[in-house]
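Before anything else, here's the structure in question.
In listed order, ligands and their atoms are each counted from 1. When reading the values below, keep in mind they use all heavy atoms of this one structure, side chains included, and skip hydrogens, waters and symmetry mates.
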Amino acid sequence: MGVDSGLPDFRGNQGFWQAYPPYARLGLSFAEAANPLHFERDPAFGWGFYGHRTNLYRATVPHKGFRIIINWIVRNRADYFVVTSNVDGQFQKAGYDDERILEVHGSIHHLQCLQPCSPAIWPNQEQIEIDLETMRADSIPKCPSCGGVSRPNILMFGDWSWLPDRTQSQENRFDRFLENAGEKRIAVIEMGAGTAIPTIRATSERLGWQHENATVIRINPREPEIKPPHISLACNALEGLKEIDRLLVYGVQ
Ligand SMILES: [Zn+2]
C-alpha cells in the first residue's frame, strides 16, 4: 500500500539502499538499520533513520486505493478492520477509524522510553531535522519520565524492549471484531503481504480456512499464489483495487 503512495520499498538490500544511499556506503542492511542497538550506542544515528521516516510518512498523501475501500465499506454498510504490518500510519491518515486498526509491528507515530522505565506509550509530536549526508538527527527525543532517550514504539529486529501494550489493545479489538462477525460473509483483502515476514499472510490464510464464509483476495505482484476458492491478483495494490472497483461497477465483460 505504501509503495503506491510513493513510499520506498525496503524489499532486498538494493531497494533499501536505493532509498537510503548513506546506508549503502556504510554497508547497513534494512534489518541492521532498523535495530534498537543504534538508539543505545548512538541515538543521533538511530533517530536519523526513524526521524527521516517520521517526516516522510507525515508528508505522504495516501493514494486513491484507501478511498476505494472506504467507498465499498460505506456502500455495503459493511463492518471492517484493518490489519497492517506497516508502521507509517497511512490508514489513519486516509480516514480509517483508529479503533479499527491493528498495527502488528507498532507505529512510528508513537514513542516509548528506550529502557523502558515505564509502560508509557505516547504520541510522537517531535520535530526532527536529519542531515541527509550522515543520516544523523539534530535532536534526540527524550522520555518525559526519566529524561533518557526515547524510541519509536515499533517492533525492530533483535528487539527485546519493544512495549507491546498498544498493539495488544488493538489485537483485543480485532479479536472482538472477529467474534462479532459470526456467520457473516467476510472479504479479506490482502495487499502486498510477502512470505519473508509472513505475519499478515498467515493471518489472512487463517481467516480463509477458519471462517466458512470468508474469501481471501490476495493482491501481490510477486507472490500472488493462493488456493481456490480464494482469489489471486498478480499486481500492485492500487492497480488491483481499481480493477475490483471497475468490476463492481461494470461487471465482468
Ligand atoms: Zn524513561
Side-chain angles (χ1 to χ4, degrees), residues 2 7-8 10 16 19-20 22-23 26-60 82-93 96-176 197 199-200:
L7 290 170
F10 292 158
F16 178 59
Y20 291 102
Y23 297 125
L26 295 167
L28 275 186
S29 67
F30 173 62
E32 287 161 342
N35 198 298
L37 270 181
H38 299 298
F39 290 93
E40 278 159 34
R41 290 180 184 163
D42 187 356
F45 187 73
W47 266 110
F49 186 38
Y50 285 93
H52 182 271
R53 290 171 63 198
T54 301
N55 297 339
L56 184 64
Y57 298 153
R58 282 177 183 164
T60 300
V82 175
V83 181
T84 180
S85 59
N86 291 351
V87 299
D88 54 24
Q90 295 298 297
F91 280 96
Q92 283 93 336
K93 203 170 186 184
Y96 290 76
D97 182 356
D98 195 38
E99 299 280 299
R100 291 162 186 271
I101 299 174
L102 163 54
E103 295 160 301
V104 294
H105 293 159
S107 164
I108 206 161
H109 305 296
H110 288 81
L111 305 182
Q112 62 163 84
C113 177
L114 178 62
Q115 298 186 40
C117 70
S118 85
I121 296 169
W122 63 92
N124 178 1
Q125 282 159 347
E126 304 285 342
Q127 298 298 328
I128 308 155
E129 294 287 328
I130 311 298
D131 180 330
L132 294 176
E133 283 300 307
T134 59
M135 289 307 284
R136 296 180 69 82
D138 69 340
S139 60
I140 312 293
K142 297 281 159 56
C143 165
S145 317
C146 72
V149 175
S150 77
R151 53 163 275 186
N153 181 231
I154 292 177
L155 178 62
M156 301 178 195
F157 292 89
D159 195 346
W160 300 100
S161 53
W162 178 61
L163 292 169
D165 309 51
R166 181 172 171 272
T167 292
Q168 187 59 57
S169 316
Q170 295 179 331
E171 222 163 270
N172 296 344
R173 286 195 283 273
F174 182 49
D175 288 344
R176 280 201 297 278
I197 301 171
T199 326
I200 298 296

Check whether Gln170 reaches the backbone of Glu103 with its side chain - one donor and one acceptor, N or O, closer than 3.5 Å.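 Yes, Gln170 side chain to Glu103 backbone: donor-acceptor pair under 3.5 Å.
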
Contacts of Ser29 meeting side-chain hydrogen bond (donor to acceptor under 3.5 Å, both in side chains) (sequence neighbours excluded), chain-then-number -> Glu32

Sorted by chain and number, sequence neighbours left out, ring-ring contact (aromatic ring centres under 6.0 Å, His included) with Tyr57 holds for none

* To do: State, to 0.1 Å, how close Gln112 and Asn153 come at their nearest heavy-atom pair, and which atoms those are.
  =>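 Reported closest heavy-atom pair: OE1-ND2, 2.9 Å.
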
Just how far is it from atom CD of Gln92 to atom OG1 of Thr84, taken to the nearest 0.5 Å?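 Taking CD in Gln92 and OG1 in Thr84, the distance rounds to 9.0 Å.
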
The expected count of protein N/O/S atoms at less than 2.8 Å from the Zn ion (ligand 1) is 4

message = Show me the pairs that pass salt bridge (charged side-chain N to carboxylate O under 4.0 Å, His left out) and involve residues 140-159, at least two apart or across chains.
response =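 Every salt bridge (charged side-chain N to carboxylate O under 4.0 Å, His left out) pair that includes a residue of residues 140-159, provided the two are not neighbours, is Arg151-Asp159.
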
